[in-house]
Amino acid sequence: MRKNLEKEIKNIAIYARYSCDKQSENSVDDQEIVCQRYADAKHFHVVKVYKDKAMTGQNTKRPAFQRMIRDSDTGIFDAILVYSIDRFSRSKCDHALYKKMLSEKGIKVLSATEFIAEDPSGTLIESILEGYSQYYVETLSINVSRGMYSKARDCKFVGGRIPLGYKGENGTYAIDEPQAAI
């Protein structure tokens, strides 16, 4: 059944994204390379590449993502190829909403690294991947917050600049008496 799907797809868009500015900018380029190799192997023609840098997948307020969704109205591509499903979205609701919207235009969302069959088992696998993706970011958020709270409680740096009225020594905060009143 998958072979029939791939015969229908000729023109594709590639979408790549990385989450925060602490990640390598090469990440989107690396994703694009993997997607391009996949497209070449399947004889798909890449008509456009969309890249969001340092943008979370937890919402859809991503400029390139929104441009891609708008461009889907033009009919220039038959599918959107992502490195993995979590690059498209880390929200189960957003993933379902946009995938349905694209599906109504005859546009598929494909993963270059995850085999998702075009049958009921594929629906289950994709649902598991979407759920795990959302679980991952929600768990990560809890763990990061806990770590930041623990560091702050111990008067240690949690990142960023040292607040006015404090000074930093050996990775910890201390009150800077001359500026404390400010």
message = As an exercise, state the distance from OG of Ser111 to CD1 of Ile80, rounded to the nearest 0.5 Å.
response = 13.0 Å
ask   = Do Val47 and Val109 belong together in a cluster built from hydrophobic side chains that touch within less than 4.5 Å?
value = yes
query = With no hydrogens and no angle check, is any side-chain donor or acceptor of Arg62 less than 3.5 Å from a backbone partner on Thr56?
reply = yes
ask   = Using the ring of each side chain (for Trp, its six-membered ring), is Phe65 parallel, tilted or perpendicular to Tyr15, with breaks at 30° and 60°?
value = perpendicular
key: Spacing of Tyr83 atom OH and Leu110 atom CG [to the nearest 0.5 Å]   = 16.0 Å
ask   = Out of curiosity, Ser72 OG to Met101 CE, how far, rounded to the nearest 0.5 Å?
value = 7.5 Å
Asp94 side-chain N/O to Ser89 backbone N/O, donor-acceptor pair under 3.5 Å = no
note = Heavy-atom nearest pair, Ser84 first then Thr113, reads CB-OG1, 3.7 Å
query = Can you tell me if Ser150 uses its side chain to pair, donor with acceptor, with the backbone of Arg146 under 3.5 Å?
reply = no
ask   = Do Arg17 and Ser19 have a side chain donor and acceptor closer than 3.5 Å?
value = yes
inquiry  = Determine whether Glu138 and Gln134 satisfy the following criterion, side chain to side chain donor-acceptor pair (under 3.5 Å), listing intermediate values before the conclusion.
reply    = CA-CA 6 Å; Glu138 289 174 0; Gln134 185 167 332; 2.9 Å; yes
Beyond-backbone contact of Asp176 with Pro178, side-chain heavy atoms, under 4.5 angstrom = yes
query = Do side-chain atoms of Ser133 reach the backbone of Asp86 as a donor and acceptor pair under 3.5 angstrom?
reply = no
inquiry  = Please determine whether side-chain contact (heavy atoms from CB on, under 4.5 Å) holds for the pair Gln58 and Ser91, giving the CA-CA distance in whole Å, both sets of side-chain angles, and the decisive distance to 0.1 Å.
reply    = CA-CA 5 Å; Gln58 291 180 280; Ser91 161; 5.7 Å; no
request  = State yes or no: do Tyr38 and Ile14 share one hydrophobic cluster built from I, L, V, M, F, W and Y residues joined by side-chain heavy-atom distances below 4.5 Å, directly or via other members?
outcome  = yes
request  = Return yes if a side-chain donor-acceptor contact under 3.5 Å exists between Gln36 and Glu32, otherwise no.
outcome  = no
query = Short question: side chain of Asp119, backbone of Gly122 - any donor-acceptor pair under 3.5 Å?
reply = yes
inquiry  = His95 and side-chain hydrogen bond (donor to acceptor under 3.5 Å, both in side chains): which single residue from Arg90, Glu126, Lys100 fits?
reply    = Glu126
query = Are Lys51 and Asp29 side-chain neighbours, meaning at least one heavy-atom pair lies under 4.5 Å?
reply = yes
query = So, Tyr50 and Asp71: side-chain donor and acceptor under 3.5 Å apart, yes or no?
reply = yes
message = One thing to verify: whether Asp78 and Lys108 come together as a salt bridge, which I'm taking to mean a side-chain N less than 4.0 angstrom from a carboxylate O.
response = no
Same apolar cluster (I L V M F W Y, side chains within < 4.5 Å links), Leu102/Met68 = yes
ask   = Is there a donor-acceptor pair under 3.5 Å between the side chain of Gln66 and the backbone N or O of Thr60?
value = yes
query = Same cluster for Ile76 and Phe44 if Ile/Leu/Val/Met/Phe/Trp/Tyr side chains link at under 4.5 Å?
reply = no
message = When you group the ILVMFWY residues by side-chain heavy-atom contacts below 4.5 Å and let the links chain together, are Leu81 and Ile9 in the same group?
response = yes
Interatomic distance, Arg87 atom CZ to Asp52 atom CG [nearest 0.5 angstrom] = 11.0 Å
inquiry  = Evaluate Val46 against Asn11 for side-chain contact (heavy atoms from CB on, under 4.5 Å), listing each step before the verdict.
reply    = CA-CA 6 Å; Val46 177; Asn11 297 317; over 6 Å; no
inquiry  = Rounded to the nearest 0.5 Å, what separates atom OG in Ser127 from atom OH in Tyr132?
reply    = 15.5 Å
